[in-house]
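Read through the structure below, which is laid out as structure tokens, and then see the notes.
All values below come from the heavy atoms of this structure, side chains included, with hydrogens, waters and symmetry mates left out. Naming convention: chains lettered A, B, ... in sequence-line order (proteins, then strands); numbering from 1 in each chain.
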Amino acid sequence: MRTHYCGHLRAEHIGETVTLFGWVDRRRDHGGVIFLDLRDRSGIVQIVSDPVRTPDSYGLAEQLRNEYVVKIVGRVSQRPSESLNAKLPTGQVEIYADQIELLNAVRKQMPFQVSTGEQEPVREELRLRYRYLDLRRERMSQNLRLRHQVNQAIRRFLEDQEGFIEVETPILTRSTPEGARDYLVPSRVNPSEWYALPQSPQLFKQLLMVSGVDRYYQIARCFRDEDLRADRQPEFTQLDMEMSFMNQAEILALNEKLICYILKTVKGVEVPQPFPRLTYAEALDRYGSDKPDTRYGLELVDVSDLVADSGFKVFSGAVKSGGLVKVLPVPDGNATVSNVRIKPGGDLFKIAAEAGARGLAYIRVREGDIDTIGAIKDNLSDAQKQQILERTGAREGHLLLFCADAADTVNATLDRLRQAIAQEMNLIPADQINLLWVTEFPMFEWNAEEKRLEALHHPFTAPYPEDKDDLKTARAQAYDLVYNGYEVGGGSLRIYQPDLQQQVFEAIGLSEAEASDKFGFLLEAFEYGTPPHGGIAYGLDRLVMLLAGEDSIRDAIAFPKTQQARCLLTNAPSGVDIHQLKELQVASTYQPKPKES
RNA sequence: GGGCCUGUAGUUCAAUUGGUUAGAGCACCGCCCUGUCACGGCGGAAGUUGCGGGUUCGAAUCCCGUCAGGCCCGCCA
């Protein structure tokens with residue numbers, strides 16, 4: 001049968017007779033000689049057929065078309081010196097096709113061409129409908145391969161170097177409060193009861209620590225029934241890890257080694273360790289975000305104290321009511337950003353408004369003077385202006401964009417503006433990889449809608465010991481790994497004392513009865529000798545997306561869903577037979593909206 | 001639930017901004033071509049302009065609705 005993969009053939013094989021299988025990538029028929037590019041998963045090699053050298057195959061070679069599946073038996077030959085192809089790894093050789101066997105033809109018009117991949121983009125809708133063809137194309141087959149290499153690197157490092165063992169945890173599990181919406185599965189054997197698909201293996205991996213596994217990992221499928229984004233799918237894959245008897249510094253160091261091993265193995269890139277660390281507070285202060293992209297500057301500057309008692313009410317009012325006044329200094333921003341764009345109706349104003357800001361103020365630094373609206377000019381003293389210029393490092397040509405509002409709003413607004421402006425001004429070095437840890441997250445944040453505290457990370461996250469006495473304001477021993485502005489991983493040290501866990505449940509408004517109902521098994525497990533432990537989970541799809549240089553997580557997944565959570569290939573989800581529902585004792589209550597006439 | 005963008009031949013795009021027969025590359029079919037590699041040449045077939053309605057003498061183009069895909073907000077411990 002097959003003796004070689006197409007892409008592996010080199011000058012050293014010249015003279016050998018080989019048997020190849022693959023797809024016809026392209027056919028070039030010169031009337032007297034036919035060239036075929038034969039493609040398999042390893043690459044492409046050129047096949048030659050003509051009536052003189054390969055009389056037995058020429059007739060069939062004329063019949064072949066793109067994407068036909070063929071078997072080729074032929075002689076590996078040196079290409080004529082004027083016909084070498086430097087673009088192909090196999091470009092020194094070609095195969096004289098002594099035999100061609102047509103294994104399968106293409107019977108329908110191709111919905112799109114496989115071999116033009118890079119030159120001609122195809123509508124994603126079509127790519128997803130005919131995903132098996134899309135995956136034949138260079139770009140997607142590379143992405144599949146890259147993903148495999150990442151998985152492989154993870155296993156080599158964690159298993160061979162660090163002694164982790166992979167344990168599989170249930171897909172049919174129980175629904176838990178908090179967190180995302182669950183996917184539910186009815187139990188036929190237990191009518192009216194439901195399994196939930198796991199949002200993550202969180203509870204099981206902690207139980208495995210109680211079990212003495214010590215170092216656990218899993219490449220785990222997770223499910224969250226929430227709306228989709230370019231970087232969010234309803235089912236996704238985590239690299240999930242948990243380890244016992246390690247402190248935060250040790251866990252971060254081990255994970256840095258893991259990430260560096262992956263980068264080195266799949267990209268050949270060396271990243272210096274340790275990775276930079278930013279506390280949550282510092283990240284918000286300097287970037288307005290807990291996942292800052294640090295590949296470019298444009299850091300925010302807090303000027304609240306400088307304008308707290310200025311006559312400009314927008315500024316002083318924001319500070320008085322507990323908010324902030326922060327500046328996004330944009331070098332050369334005067335030339336790039338016109339006033340029209342900052343004012344109502346402008347694109348930057350729109351971005352700010354979407355983030356909740358009511359408006360943007362500005363100061364333009366001109367030669368020896370500043371240019372701004374009258375209300376600021378008249379209400380800031382020369383000293384205040386001078387201090388602002390000094391603190392923001394403003395020079396001639398700088399545009400200072402001000403946002404004054406509640407802290408959340410200011411940070412969200414300037415974060416988005418910072419990203420938009422960096423992109424517009426081409427400040428983002430696309431090839432750079434910036435990794436950093438964000439640490440010292442708060443334990444909780446206030447959910448205004450439900451009027452209660454919510455766990456920022458999850459309710460099993462341990463507070464810093466010194467903060468334990470006031471849990472509501474405590475910092476968590478939690479950490480996120482940020483990769484070019486994307487959160488690619490996050491984890492924490494866990495609570496392993498039942499009483500402290502109970503206090504955290506109380507803080508988020510989970511009564512003892514509820515906690516015992518939902519998590520009783522975990523609390524009980526903690527009564528039997530639980531090691532201190534902690535862990536982390538990475539969004540594997542997101543990591544692969546970034547390593548592949550893609551903008552969408554879908555390009556890192558073989559068979560992804562559309563934004564409407566549909567699979568265009570299989571047409572899932574779909575209706576089911578009424579008998580299936582009867583067996584499950586389940587009925588849909590869905591009522592289509594009546595059409596208005 | 002909301003905002004924005006897209007939908008024209010199998011496909012990727014165009015159509016002088018409301019005008020007469022909706023064009024081009026690739027793919028497909030036929031003929032020609034012995035060194036191409038995005039081969040080349042000649043010819044051909046291929047369109048309910050997503051779908052439905054409206055405005056208009058006239059709609060791919062304007063309006064309304066609807067479907068599908070995308071980006072975002074909300075949501076995602």
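Residues passing the ring pair (Phe, Tyr, Trp, His ring centres under 6.0 Å) test with F460(A) are H458(A), F519(A), sequence neighbours excluded.
Considering only the side chain of A230(A), C71(B) comes nearest among C37(B), U34(B), C71(B). Taking only side-chain atoms of Q563(A), from C-beta outward, the nucleotide of C72(B), C37(B), C13(B) with the closest atom is C72(B). Each of C29(B), G69(B), C39(B) was ranked by its minimum atom distance to the side chain of R566(A); first place goes to G69(B). Which of G1(B), G30(B), C33(B) sits closest to the side chain of D227(A) comes down to G1(B). Among the nucleotides C76(B), C71(B), G69(B), the one closest to the side chain of A180(A) is C76(B). For E226(A), whose side chain is taken as the heavy atoms from C-beta onward, the closest listed nucleotide among U12(B), G74(B), C75(B) is C75(B).
Across every strand in view, G40(B) sits in a pair with C32(B) that passes the Watson-Crick or G-U test at under 3.5 angstrom. With a cut-off of 3.5 Å on both Watson-Crick or G-U wobble distances, the partner of G74(B) is given as none.
Residue E124(A) is classed as a sugar-phosphate contact, given heavy-atom separations below 4.0 Å to backbone atoms only. Using a 4.0 Å heavy-atom distance criterion, L126(A) is classed as a sugar-phosphate-only contact. Here T461(A) lies out of heavy-atom contact (under 4.0 Å) with every strand. Here K108(A) lies out of heavy-atom contact (under 4.0 Å) with every strand. If you check every strand for non-hydrogen atoms under 4.0 Å, T562(A) touches sugar and phosphate atoms only. Among the heavy atoms of the strands lying under 4.0 Å from P111(A) are primed sugar atoms or P, OP1, OP2 only; no base atom is included. L456(A) comes within 4.0 angstrom of sugar-phosphate atoms only, judged by non-hydrogen atoms across all strands, and of no base. Looking at heavy-atom distances under 4.0 Å, Q564(A) makes contact with sugar-phosphate atoms alone, never a base. Counting non-hydrogen atoms under 4.0 angstrom, D225(A) reaches nothing in the nucleic acid. Among the atoms of the strands shown, only primed sugar atoms or phosphate atoms (P, OP1, OP2) are found under 4.0 Å from some heavy atom of R554(A). Across all strands shown, L510(A) has no heavy atoms under 4.0 Å from either base or sugar-phosphate atoms. Using a 4.0 Å heavy-atom cutoff across all strands shown, R123(A) reaches sugar-phosphate atoms only and no base atom.
Residues R26(A) and D37(A) are not paired through a salt bridge, judged by the lack of any N-O separation under 4.0 Å between the basic side chain and the carboxylate. Using a 4.0 Å cut-off between charged side-chain N and carboxylate O, R232(A) and D227(A) make no salt bridge.
In this structure, R28(A) does not reach the U36(B) phosphate: none of its side-chain N or O atoms is under 4.0 Å from OP1 or OP2. In terms of phosphate contacts, Q199(A) brings no side-chain nitrogen or oxygen within less than 4.0 Å of OP1 or OP2 of C76(B). Look at K87(A) and you'll find a side-chain N or O under 4.0 angstrom from OP1 or OP2 of A38(B).
At least one donor-acceptor pair under 3.5 Å links the side chain of R418(A) to the backbone N or O of L298(A). Between the side chain of Q199(A) and the main chain of A180(A), a donor-acceptor pair closer than 3.5 Å is present. Checking side-chain atoms of R494(A) against main-chain N and O of G534(A) turns up no donor-acceptor pair under 3.5 Å.
With centres under 5.5 Å and a plane angle under 30° as the test, the ring of F112(A) is not stacked against the base of U11(B). In this pair, H30(A) lays its aromatic ring flat on the base of C39(B), centres within 5.5 Å and planes under 30 degrees apart.
A donor N or O paired with an acceptor N or O is not found under 3.5 Å between the base of C37(B) and the side-chain atoms of D37(A). Under 3.5 Å, the side chain of E120(A) and the base of G25(B) form at least one donor-acceptor pair of N or O atoms. Counting atom types as modelled, R27(A) pairs no side-chain N or O with a base atom of C37(B) as donor and acceptor under 3.5 Å. In the interface, the side chain of Q46(A) is paired with the base of U36(B) through a donor and an acceptor atom under 3.5 Å apart. One cannot find a donor-acceptor pair under 3.5 Å joining the base of G69(B) and the side-chain atoms of R127(A). Contact annotation: side chain of R232(A) to base of C75(B), donor-acceptor pair present below 3.5 Å.
The side-chain tip of R131(A) does not point at the ring of F559(A) from less than 6.0 angstrom away and within 45° of straight on.
As a whole-Å value, the separation of I553(A) CD1 from C76(B) C1' is 12 Å.
For the pair R229(A) and L568(A), nearest-nucleotide mapping onto RNA chain B gives the more 5' position to L568(A). Mapping V122(A) and E82(A) onto RNA chain B via the closest heavy atom, the residue that lands nearer the 5' end is V122(A).
Residues E67(A) and R136(A) share a closest heavy-atom pair of OE1-NH1, 2.8 Å.
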